[in-house]
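Every heavy atom of this structure was used, including side-chain atoms; hydrogens, water molecules and symmetry mates were not. Everything quoted here is computed from the prediction, not taken from an experiment.
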There are 2 protein chains.
Amino acid sequence: MTDTAPRPTLEAVAARAGVSRATVSRVVNGGDGVREPLVERVRQAVEELGYVPNQAARSLVTRRHDAVAVVIAEPEARVFADPFFALQLRGISKELTAHDNQLVLLLTEGRDDHARVARYLAGGHVDGALVFSLHLDDPLPGLIQGAGVPTVFGGRPGWSDGRAADTGPTLYVDSDNRGGARDAVRHLAALGRTRIAHITGPLDQTSAADRLDGYRDVMGDADPGLVAESDFTPAGGERAMRDLLDRRPDLDAVFAANDLTAAGALRVLRERGLRVPEDVAVVGFDDMLPVAEQTDPPLTTVRQDIEEMGRLMARLLLRRLDRPGGTGSGPGPRATAPEQDVPPGEPDGAEAAVVLPTTLVRRASA
Amino acid sequence: MTDTAPRPTLEAVAARAGVSRATVSRVVNGGDGVREPLVERVRQAVEELGYVPNQAARSLVTRRHDAVAVVIAEPEARVFADPFFALQLRGISKELTAHDNQLVLLLTEGRDDHARVARYLAGGHVDGALVFSLHLDDPLPGLIQGAGVPTVFGGRPGWSDGRAADTGPTLYVDSDNRGGARDAVRHLAALGRTRIAHITGPLDQTSAADRLDGYRDVMGDADPGLVAESDFTPAGGERAMRDLLDRRPDLDAVFAANDLTAAGALRVLRERGLRVPEDVAVVGFDDMLPVAEQTDPPLTTVRQDIEEMGRLMARLLLRRLDRPGGTGSGPGPRATAPEQDVPPGEPDGAEAAVVLPTTLVRRASA
DNA sequence: TTGAAAGCGCTAACAT
DNA sequence: ATGTTAGCGCTTTCAA
């Protein structure tokens, strides 16, 4: 039996230090208003006993959990085809950890899980939520705002209709999909390409829609035949590329909505005997290393700082929870919170966004 | 202000239903020993009030949290170069969800975080832990066993020295790295290849070491010059492949310890004008789709069912926690727990393992 | 500055 | 079968 090593309570520490429980509590929570010698005595007792506060007891009275839920809705397994969420999670985790908050991960598999997640959030088990909503018509974001939990979204949420704005402004962090797309297309144009095609992502995702908008910003009302809708997968990229080539055999550049798609396009191009970048220049999006560096030729692409997005989401939420410096539970020295500046979004409208810049990474494909 | 919508308590429900708190508690926790009409009345009151149990209060008395920590130690960013952990997480999440348990994610960035994690686990915030230990000399597993929390490891833990076995048997789930490697090499041999080289992973990781053992099982004491140590990265694969080719220009097959490495090897092979699989056959390991399907030619590789590993880890832990059917918190209908059979490991020695089979996926490279 | 005391919302003996 | 009661370990007024 490994169990029942009865952990010491506040009471035990108090007894050992010869003070009251209240004093121990004060010391454990920062020690303000307790005289030095006592602080020392208590610290020692804590040390000797190996005291760790019981979070449940604490939460019961403070109604705080120092925990944040991360909700990832994964309509398809696609989510895991790239390290996107992993990086995001890492950024989130770092920031949360620096503020002594726990990360509760909620993965959903379609509608069935919505109710579960909503119930959990409404259940007040966590102080806030970080939510990745992918689809325009996803009901989850709405449910979550309904749950009344402070929330920050990852990626621009695509509210299809009027939503409950009374819950306060919608906060989100996104990368500059539109601007990045513009850069990509401008780069192609600067290379002298004029018949620049675009393979889109699934347009019910805001990231894909925004990239298409960026393409259009630069291309104006170019031949709609230069745009092929696709789905962020390599197979989809192949299909789209074939269509494009059939429609416009004269195209001289392709901007693909992500690297996976670009990889598919590259294969079709090679198969048709077209040289990259001589005959057709190709630019991707994401700078997803295992793909972008492995293609032949290596992919010129638009990089987004995914980990930073995660960090920012967490920072925004924590700030919203009004928890600037962490809670400092436990006897150890507090983590030093980096607490950098969060770029200001819209003042205080119904939507407040932090949009991260992207950068073009030049490799051989364009 | 969105706050302070004071959530109803057990007391409120009891009042509304005209029963005692105890009765409500019973109903909420399954309703055994309460007569039907009362159950109904209580259910209704719960419904009307939108009552959700306060988990903190509950944990305080039951000393259970219905939460499990997942600890992922990531020595390098490598962890996120492939969807390995994402898939694992998904498997874990599914199983945990089916049993109404929460997933608390703990990501560590090197030694500094060890203490934090150990403290958290020892702090009794979760009922158990699922731990991914990658390195032979990783102190984390030891710390964790020391924390006295029921734990299941992902991947065979590489205890370098005698460890505290008094914490009970070490449970782990792994895939059959050694057997998979044997299959790969045998496949190559069956193709008529005789000079089969091996590019290893970092040998301080048990998965890499086990794959090397599998290679040796089949190759016997073949020329050590046919083995090149590498690091699971594409760049490392390139380097190793070059070495190998320099040492043994006559080699006719390569078994790479993972797909990323194989992709690097493939590039070098092509660069040297060698045809795959005609001149050199190549087999990878993992069946990491975005890579294995995108290489040229597509990679023959050993697939491991990563999501299943995760599911199994969770199942094992839950079982160890003696929680066969979930706790059924909340008013909703209970999730039906699939509760499949867990393949039996060693009877009850110091180590109990569940080793999942691998399968060879044939594509064009071998 | 420190201590005493009153709960936070729930479960689990123990009565009835 | 149902109700009563005593805490679980902590924070937080309120007094001293």
Closest to the B/Pro53 side chain, choosing from D/dC8, C/dC10, C/dT2: C/dC10
Please pick, from D/dT11, C/dT11, C/dG9, the nucleotide with the shortest atom-to-atom distance to any side-chain atom of A/Thr62. D/dT11
side-chain N/O B/Ser25 vs C/dT11 OP1/OP2, d < 4.0 Å: yes
Minimum-distance nucleotide (side-chain atoms of A/Arg26 versus D/dC14, D/dT11, D/dG3): D/dC14
What is the distance from CZ of B/Arg21 to C1' of C/dG7, rounded to the nearest Å? 12 Å
Just do the side chain to side chain donor-acceptor pair (under 3.5 Å) check on A/Gln44 and A/Glu40 with the steps written out, would you? CA-CA 6 Å; A/Gln44 181 136 353; A/Glu40 211 34 63; over 6 Å; no
More 5' along DNA chain D: B/Pro37 or B/Val61, using each one's nearest nucleotide? B/Pro37
Using a 3.5 Å distance criterion without hydrogens, assess whether the side chain of A/His65 forms a donor-acceptor pair with backbone atoms of A/Gly124. yes
Pick the nucleotide of DNA chain C nearest each of B/Thr9 and A/Ala22; which residue has the one closer to the 5' end? A/Ala22
Quick note, B/Asn29 side chain, CB onward, closest among D/dT11, C/dT11, D/dG9 is C/dT11
Would you say a side-chain N or O of B/Thr23 is under 4.0 Å from OP1 or OP2 of D/dT2? no
DNA chain D: A/Leu10 or B/Leu38, which has the more 5' nearest nucleotide? B/Leu38
Indicate, with a heavy-atom threshold strictly under 4.0 Å, whether B/Arg63 touches base, sugar-phosphate, or nothing. sugar-phosphate
B/Arg58 vs D/dC8: side-chain N/O to OP1/OP2 distance below 4.0 Å: no
Working note: A/Arg311 + A/Glu307, criterion salt bridge (charged side-chain N to carboxylate O under 4.0 Å, His left out); need CA distance, chi angles, decisive distance, verdict. CA-CA 6 Å; A/Arg311 205 164 351 202; A/Glu307 184 171 335; 3.7 Å; yes
Among C/dC8, C/dG9, D/dG3, the one nearest B/Ser20 by side-chain distance: D/dG3
Nucleotide of C/dC10, C/dG9, C/dT2 approaching A/Val34 most closely (side-chain heavy atoms): C/dT2
Side chain of A/Ala57: nearest nucleotide among D/dC10, D/dA6, D/dC8? D/dC10
